[in-house]
Each structure stands twice: as structure tokens, then as C-alpha cells.
Amino acid sequence: MAQSVGIKDVARAAGVSVGTVSNVINRPDTVAGETRARVLSAIDRLGYVRSESARQLRAGRSRIMGLLVLDMGNPFFVDVARGAERAAREAGLGVMVCNSAQNAAEEAEYLSLFAEQRVRGVLLTPADATGRNIETFRRHGIPFVLVDRVAEGTTECSVSVDDVAGGALAVRHLVDAGHRSIAYVSGPPGLNQVRDRRTGALSALAEAGLGPEALRELPTERLDVAAGRDAGARLLGLADRPTAVFCANDLLALGVLQALYAAGVSVPDELAIVGYDDIEFAAAAAVPLTSVRQPAVTLGALAAELLLEETEQDEGGRPHEHRRVVLQPELVVRRSSLVGR
């Protein structure tokens, strides 16, 4: 395997000092034109590429921020990443995107990697419900912002969506359509989002004079289409099947829709469905999916801006005031919930 070309090789080929090569790269105006041309010619001839990581370590500041999300297979987090990348690019930074796959052990490994790479800061949607991974990472002194999560028990910045309000929007819509028995296809119970959406659903039922027994929870281990199909099969097996289902995200809802379609159950005539996130596929489903829309791109951009604000203030010696930004969801009504009773 060919060895990489270093700055010493360029200096030797150009007949100058290492310091002169460094000046040509970083402060070209300080080097005489003839010498600069000789060094640039050697760089081109040898194929020298500056080590950005080494430069960042010397400077004590990285041009990379980390983004660690629960599931890059979920278009919601793809949109979050798009928003974060846009804000980072405008500031001249790049984003290292990693996927914890909703696994606390993988999350810990990526956080350790971010610390090793000395990233500028981290945008994090936690997978570890215990908070131990965050506590360990905090010791490195690297700023981080929680994404799609309220900073409960922490002082860090966070950007989230009011999931209690979102759950209430979904179930209030179903109650207004006449449904009195509703299934909730949730997800891993350790996720705050799952619990908050359930809390909102129960509050909407209470508003209508219905008790918690009107909500039949069907938990899943993951928040993906396969888990939704499994939940749909369980839903079909209930003797007193509810007339509507609220799903904790759109991937679950699409899986439920597939299971119902395969069983010949009409949506929304026999069973209405509401999802959450309003990903692009929601509107393109065989039966367009009613969903609670989260402003995912805005969420990612705001989180990145908060992180940039904190790191810039830290470098300037000014105190940073941590903030919690909570965005509001909205209900997007489509055919999957319009007829069922």
C-alpha cells in the first residue's frame, strides 16, 4: 500500500523548510511568489493532501458536528438531518451522521467516537432511557443539544415537538369522527415520545368523557413498518376490535395499513388510521394517511443553530444560556380517517 505524502516530503521536494510549506498552505501572502510557486508545484506533483484532522487538533476546534439519531431508516430523521446539515453548511461546518438503531450500546459507541474525534458538538436523540450514556459523554466537555427530546433533568439545550399536544390532536380527531374505542400502536415504552403521545391521547379521551379503557395499547419493540405489520395482525385478532387506531409514527401506521389490506379490511370504512410525523410516504400510501405533522427540517436546523451559538459563545468567553425550544405539531387529515365510525 502506497504511503501518504506528508508536509516534510513537500518541503524536501521544494527545497524549503516545513514552516515555509505551512505558510504557503495557511498564509500564502507571507511567502515570496517564486517560493510559493515552487511549493505549490511540489504539492501538485506529489499529490499532497492536508490532514484536516491534524489541523483541527492543533487549532483546538473542529469543523465537524456529530448527529446521532434513533433510526436513519425513518424519513423523519432524514429530514432532521437535512435541516441540521443546512444550518451547519451555512456556518462552514460539516455533519457526521450516525444511527444508534434505537440501541443504547451502539449509542454509547458513537458518543465515544465523537469524543475521540473531538467534534465541535453533538446533536443527540437519546436511545438510552437511563441517561447513563449522556452522563458519561458530559464528562468530555463537548457541547450537545437534545433533538426531538425535552432536556428533562439536564441543563443542556433541547429542541422538541409537543408530543402531548400531538397525541391529543390525533385522538381528538378520531373521537370527533365518532370513534369510542381506539387502539394505540405505541413502541418501546422507554421512549419519551411514545409515552407523551399516549398521555395526549388519554387527555383527548378524557375531554370527551371517555375513560382510559377506551384506549387499547399495542406496544411494539421498534418503530418500523415490520413492527406495524405485527401490531396490525394482533389488532385483527382482538375479539372486540376497536374501530380506529392511532400509531406512534407513520412507519408503524404504514405497517398496520399493510396488514389490514392483506386481510381485506377496508380503511377507513372498517377501521380508521392516524399516524405521526407526516413523512413523505404518508400522502403516497395506497390509502393516504392522516398524520400529525412534525416540522422535522426546522427541528434539525434549530438544534444545529443552538449548538453553533453555544460553541461560538464558549470560544468568545461569553456565558451561554441554555434554552428549551418546543415546536407545535399540526394534524394533516387524509382519507385514512375520514369515513370510519
Side-chain angles (χ1 to χ4, degrees), residues 67-87 97 99-100 102 123-127 145-152 157-174 184-188 191-201 203-204 220 222-225 227-228 245-257 273-285 288-306 323-334 336-337:
L67 171 63
L68 181 55
V69 299
L70 293 177
D71 182 11
M72 280 305 293
N74 186 337
F76 168 76
F77 287 111
V78 174
D79 285 343
V80 169
R82 284 176 49 218
E85 191 274 337
R86 183 182 66 196
V97 181
N99 175 28
S100 72
Q102 304 174 42
L123 307 177
L124 170 65
T125 303
V145 173
L146 297 181
V147 181
D148 194 33
R149 181 70 54 83
V150 175
E152 295 176 352
C157 290
S158 65
V159 183
S160 62
V161 175
D162 189 340
D163 284 316
V164 174
L169 281 174
V171 171
R172 191 177 298 122
H173 168 68
L174 292 171
Y184 176 42
V185 176
S186 55
L191 293 180
N192 286 358
Q193 296 94 324
V194 168
R195 295 197 301 266
D196 288 348
R197 291 165 197 178
R198 181 178 183 274
T199 297
S203 71
T220 63
R222 301 185 62 80
L223 292 164
D224 54 25
V225 174
V245 56
F246 166 43
C247 298
N249 77 358
D250 284 341
L251 295 183
L252 290 173
L254 292 172
V256 170
L257 181 61
I273 302 178
V274 175
Y276 205 104
D277 290 340
D278 195 34
I279 62 175
E280 184 176 355
F281 299 127
L289 187 66
T290 293
S291 184
V292 178
R293 175 179 294 165
Q294 297 199 84
V297 174
T298 299
L299 190 149
L302 286 175
E305 289 167 6
L306 283 177
R323 287 184 285 153
R324 293 184 178 184
V325 178
V326 180
L327 305 176
Q328 292 301 311
E330 63 176 307
L331 184 70
V332 180
V333 178
R334 300 190 180 95
S336 71
S337 66

Could you go step by step and tell me if Gln102 and Asp224 meet the side chain to side chain contact (heavy atoms under 4.5 Å, CB included) rule?
-> CA-CA 11 Å; Gln102 304 174 42; Asp224 54 25; 5.9 Å; no
Give me the one residue out of Leu327, Asp79, Asp148 that meets side chain to side chain contact (heavy atoms under 4.5 Å, CB included) with Gln294.
-> Asp148
Has the side chain of [X] got a donor or acceptor atom that lies under 3.5 Å from a matching backbone atom of [Y]?
| X | Y | value |
| --- | --- | --- |
| Asp250 | Ile279 | yes |
| Thr220 | Arg222 | yes |
| Arg334 | Leu289 | yes |
| Thr125 | Val147 | yes |
| Asn249 | Tyr276 | no |
| Arg324 | Ser158 | no |
| Ser100 | Val69 | yes |
| Ser336 | Thr290 | yes |

Should we say atom CD of Glu280 is surrounded by more than 12 heavy atoms from elsewhere, each under 6.0 Å from it?
-> no
Testing the basics here: between [X] and [Y], what is the closest heavy-atom pair and its distance to 0.1 Å?
| X | Y | value |
| --- | --- | --- |
| Ala87 | Glu305 | CB-CG, 4.1 Å |
| Ala84 | Ala304 | O-CB, 3.8 Å |
| Ser186 | Leu252 | O-CD1, 2.9 Å |
| Leu123 | Ala303 | CD2-O, 3.5 Å |

Run the side chain to side chain contact (heavy atoms under 4.5 Å, CB included) check on Val325 and Ser160 step by step: do they pass?
-> CA-CA 6 Å; Val325 178; Ser160 62; over 6 Å; no
So, do Leu146 and Cys157 sit near enough that their side-chain heavy atoms are less than 4.5 Å apart?
-> no
Spacing of Asn99 atom CG and Leu68 atom CG [to the nearest 0.5 Å] = 8.0 Å
Rounding to 0.5 Å, atoms CD1 (Ile273) and OG (Ser291) come to a distance of 11.5 Å
Quick one: do Val159 and Leu306 satisfy side chain to side chain contact (heavy atoms under 4.5 Å, CB included)? Show the steps, please.
-> CA-CA 9 Å; Val159 183; Leu306 283 177; 3.6 Å; yes
Does a side-chain N-to-carboxylate-O contact under 4.0 Å join Arg149 and Asp163?
-> no
By ring pair (Phe, Tyr, Trp, His ring centres under 6.0 Å) - contacts of Phe246 (at least two apart) = Tyr184
Set of residues satisfying salt bridge (Lys or Arg N to Asp or Glu O under 4.0 Å) with respect to Arg172, sequence neighbours excluded | Glu207
